[in-house]
2 protein chains.
Amino acid sequence: MGVVETAIDTIKQMIIGGELRPGQKLPVEKDLAEQLGISRNTLREAVRALIAMRVLQTRQGDGTYVTSLSPGLLLDGMSFVADVHQGGGAGEFMHVRRILEPEGTALAAPRITDADLGRLGDLLDEAERLASEGVVDHGKLVALDQDFHSLIIFHCGNPVLAAVIENLSGRTVRARIWRGMTDPQALRRTLREHRAIHQALLARDAERARLHAATHILGVEDGLAALRLAGPEGDIR
Amino acid sequence: MGVVETAIDTIKQMIIGGELRPGQKLPVEKDLAEQLGISRNTLREAVRALIAMRVLQTRQGDGTYVTSLSPGLLLDGMSFVADVHQGGGAGEFMHVRRILEPEGTALAAPRITDADLGRLGDLLDEAERLASEGVVDHGKLVALDQDFHSLIIFHCGNPVLAAVIENLSGRTVRARIWRGMTDPQALRRTLREHRAIHQALLARDAERARLHAATHILGVEDGLAALRLAGPEGDIR
DNA sequence: CTGGTCGTATTCATCGGATCAATTGGAGCT
DNA sequence: AGCTCCAATTGATCCGATGAATACGACCAG
């Protein structure tokens, strides 16, 4: 095993073993490199790998710190994975989301705050306003869609579940779906489904929320499949 | 944004954009560094970050290559996340697994090959043999347990689902559960549940498989909760 | 004594160059 | 044709130096 890999594992073990705790500052590069018996450049490569995993964080002029190590933070590298597979694998990611998101939505029903229920309503109102005006700015709709789902899932009570769901559909895939929603009828259906989920949450009815979320994602999956039939390659090069 | 971060994003975009395809070789460090207008050391830090994400792979004396980018490969960094949270967050990971694994098991029922059904039986036989002999080697049992679940989930038909499930319970957590299974009755129950799942798969009965998998993981969750009551800190320092 | 300002030391970021090690591919030999 | 061996290629590691951002303490004004 290479020197860098060894250093990565050593630091990992220091964290798992509790020697380094969240928020704690690491020794300065020069000292840590000497302590591990490696050069400063090599240590930096190891640190850079752990930064990519969101395990460490550096601040120039200050030092290197262990992050909060919260699941939401550590799992958000997954979205890149989803983006890479926007082609053939998108359906597989969506399938997992179809399993998880209804459950998360049901869990959120008794937990979501009244304030956020109101915010959800606002998001829907704005989306419907945009849609009725025949807006072509899909970016706005994508953002509203993402906010809607995120806000619900945030209240599921399980940060790991929330983080996994959150990262299953990367921005690229999500944008592709909405871009493909040229049919105004499909757009109206999506908004109607969102409204139904909102109604169920307002009634604190977990079962209805679960079912509406499930059918909603089924609809999204169908849209994705149709998209693939229409244009096998989604790239516009 | 720092120079290294820019370089990481550039390479990422080259992959998402299709300019770099799986298995393809990157330009040599010297050339690529020059092309990106950065030093070789800086480029190496960017490459190292992408290696940590399993996006790139280097072979000394040969070159740097884009990996297969398969979901299973890219998602296997998750297991480290699970390991870090062996303390408080383990239950949350197990909860997600409880949602996904029954579904994956049900999906596997009609797909798993007869050969692998036989292999599952062999695994169970060996586990029961070890248990009846009062073996204290938990490592063997952990490995058999992992093989059992992996072999089933492998046939769920969705590599993304399989990869996520596979990485939700890191080795550390799994080992902790089995180590905590000091009660011979609990061990027998676990084996009985495994056998029940196997029987359902043999009968190609997806619904029974789903239910048995769900109750099995519930049992594991209970064991984990009991473990936390017994000893809040699992570290033996 | 309090508050702000400024300079300096600390620390990470980036760079250029040098040497080591592993792999590859071809020259040369049998 | 097949094998051996050497040299070129390429990543791995190290060293030293400079730039840039931050933190902290000295200093000063009120």
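The model shown is predicted, which means the values in this text are computed figures rather than measured ones. Note: hydrogens, waters and symmetry copies are ignored here, and every other heavy atom, side chains too, is used. Every chain is numbered from 1, with letters handed out A, B, ... down the list of sequences.
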Undergrad: How many whole angstroms separate atom CD of B:Glu5 from atom P of C:dC12?
TA: 15 Å
Undergrad: My understanding is that only residues two or more places apart in sequence, or in another chain, count here; which of them pass side-chain hydrogen bond (donor to acceptor under 3.5 Å, both in side chains) with B:Ser39?
TA: B:Thr42
Undergrad: Show which side-chain atoms of residues 115-122 of chain B pair as donor or acceptor with protein atoms under 3.5 Å away, not counting sequence neighbours.
TA:
{"unit_1": "B:Asp116", "atom_1": "OD1", "unit_2": "B:Arg119", "atom_2": "NH1", "d": "2.3"}
{"unit_1": "B:Asp116", "atom_1": "OD2", "unit_2": "B:His155", "atom_2": "NE2", "d": "3.0"}

Undergrad: Under the side-chain contact (heavy atoms from CB on, under 4.5 Å) rule, collect the residues that match up with B:Asp147, sequence neighbours excluded.
TA: B:Leu123
Undergrad: So, using side-chain contact (heavy atoms from CB on, under 4.5 Å) as the criterion, who are the partners of A:Ala49 when residues are at least two apart?
TA: A:Ile8, B:Arg48, B:Ala52
Undergrad: In Å, rounded to the nearest 0.5 Å, how long is the span from CZ of A:Arg98 to CD of A:Glu221?
TA: 4.0 Å
Undergrad: Please identify each residue that fulfils side-chain hydrogen bond (donor to acceptor under 3.5 Å, both in side chains) with B:Asp83, with sequence neighbours left out.
TA: B:Thr172
Undergrad: What string of B, S and - do you get for nucleotides 15-25 of chain C, 5' to 3', if B is base contact, S is sugar-phosphate-only contact and - is no contact with any protein heavy atom under 4.0 Å?
TA: BBBB--BBB--
Undergrad: So, using side-chain contact (heavy atoms from CB on, under 4.5 Å) as the criterion, who are the partners of B:Glu166 when residues are at least two apart?
TA: B:Gln146, B:Ser150
Undergrad: With a strict under 4.0 Å distance from non-hydrogen atoms of chain A, what nucleotide opens and what nucleotide closes the contacted stretch of DNA chain D, reading 5' to 3'?
TA: D:dT13 to D:dA23
Undergrad: Who are the side-chain hydrogen bond (donor to acceptor under 3.5 Å, both in side chains) partners of A:Arg54, not counting sequence neighbours?
TA: A:Asp76
Undergrad: Tell me every residue that passes ring-ring contact (aromatic ring centres under 6.0 Å, His included) with B:Phe148, counting only those two or more places apart in sequence or in another chain.
TA: B:His194
Undergrad: My understanding is that only residues two or more places apart in sequence, or in another chain, count here; which of them pass side-chain contact (heavy atoms from CB on, under 4.5 Å) with B:Pro102?
TA: B:Arg210, B:Ala213, B:Ala214, B:Ile217
Undergrad: Identify, residue by residue, the members of residues 25-33 of chain A with a heavy atom below 4.0 Å from DNA chain D, and return them in order of residue number, or none.
TA: none
